[in-house]
Number of protein chains: 2
Amino acid sequence: MLKLSKKIEYGIQALQYMANNSGNVISAKEISEQLNIPYDFLSKTLQILNKNGIIVSQQGIKGGYILARDPKSTTVAEIIKALEENAIIVDCLAEDEENCDRINVCTIKNPMNKLQEKINYLLNNTTIAEFSEV
Amino acid sequence: MLKLSKKIEYGIQALQYMANNSGNVISAKEISEQLNIPYDFLSKTLQILNKNGIIVSQQGIKGGYILARDPKSTTVAEIIKALEENAIIVDCLAEDEENCDRINVCTIKNPMNKLQEKINYLLNNTTIAEFSEV
DNA sequence: AAAAATCGGACTATTGTTATCCGAATTAAT
DNA sequence: ATTAATTCGGATAACAATAGTCCGATTTTT
Ligand code: FES
Ligand code: FES
């Protein structure tokens, strides 16, 4: 398994939708209906993206969200991080490496790290803008 | 999340161990003890790798496993497939694409596929041999 | 015959993901 | 002021996937 969560998938799709409607405040309801994403789940996702600076919210009636930045400068890596997830392929590459109870028997850390860095490069170099270009 | 399963992680580490002891038949018990991997779980993993041609088993006392091929020609992508898992980042890129109930509202298939292909390239070009070079 | 190993199926425990619910706060329009 | 539409935020439930365990059968060497 090497799958992105629905939170990330929906998040990216929602950001893509917002990028394609830039200038307008878009409500969670609109995105939910247009993209057939469960409303409550999407709301949570957008709230997290707002909290972490990827989008800006406007509360109250007529409220909704707008992209905080140029789609060209928002990377998939940043979105994943903003959604409070990560893209780490094996436990031992997590920040708190000392935490891994396999550290003493681990013989794959270095080679796995090479692979990880290449994946990071891809995620750091794919932006929301690329999702807008259909 | 973009994590490899323990089955894959243990599998790769076990193959790496076998590559470093090539020529010898290695038992699941030995690998389990040396690498501190749960025996039953590892056994299952090795049996699947055997069934799908990555390693060759020898039954009975003095039995165990040997790599079926040159470590240089066994890729991570092949290992994942042999373990009957996959490395597909979003559902809609699975083989049975028609199966995805979001196909009609999906606006991310093409861009996600580009990312997927780049990841596939990495997995197809990383071999067990690279895990042996410490 | 015994011992040490693979084989294979079933099962359980644990965790992680996905989805839902509900009440509170905010804001615009009436 | 009131109402309506929205975001906010915490709790919880339903579901799925992962990880780990157990046990008996089979194979093969000694
Ligand atoms: S498995 Fe934790 S250090 Fe590699
Ligand atoms: S989400 Fe299934 S086709 Fe894209």
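Throughout, a chain's letter reflects where its sequence line sits, starting with A, and its residues are numbered from 1. These numbers come from the heavy atoms of this one structure, side chains and all, not from hydrogens, waters or symmetry mates. Not measured: the values here are computed from a predicted model.
The side chain of B/Gln59 lies closest to C/dC7, out of D/dT29, C/dA25, C/dC7.
Protein atom CD of B/Gln58 is 11 Å distant from nucleotide atom P of C/dC7, rounded to whole Å. In this structure, A/Lys6 atom NZ and D/dA17 atom P are separated by 11 Å, rounded to whole Å. Here C/dC7 presents its C1' atom at 9 Å from CG of B/Asn50, a figure rounded to the nearest Å. Summarising the geometry, the separation between CD1 on A/Ile61 and C1' on D/dA4 is reported as 5 Å, rounded to the nearest angstrom. Rounding to whole angstrom units, CD of residue B/Glu33 and C1' of C/dA5 are separated by 13 Å. We find that NZ of B/Lys29 is positioned 14 Å from P of C/dA3, with the value rounded to whole Å. Here the P atom of nucleotide D/dT6 and the CD atom of A/Glu30 are 10 Å apart, to the nearest Å. Atom CG of A/Asp40 and atom C1' of D/dA14 are 14 Å apart (whole Å).
Here B/Tyr65 lies in heavy-atom contact (under 4.0 Å) with sugar-phosphate atoms only. Using a 4.0 Å heavy-atom cutoff across all strands shown, B/Lys44 reaches at least one base atom of the nucleic acid.
Judged by closest nucleotide on DNA chain D, A/Ala28 is the one of B/Phe41 and A/Ala28 placed further toward the 5' end.
At a cut-off of 3.5 angstrom, the base of C/dG8 holds no donor-acceptor pair with the side chain of B/Lys51. Between the side chain of B/Lys7 and the base of D/dG20, no donor-acceptor pair under 3.5 Å is found.
For the atom pair B/Thr126 OG1 and A/Met112 CE, the distance stands at 9.5 Å (nearest 0.5 Å).
B/Glu33 and B/Tyr39 are not linked by any side-chain donor-acceptor pair at a separation below 3.5 angstrom, with hydrogens and angles left out of the test. No donor-acceptor contact under 3.5 angstrom links the side chains of A/Gln16 and A/Asn20, judged on distance only.
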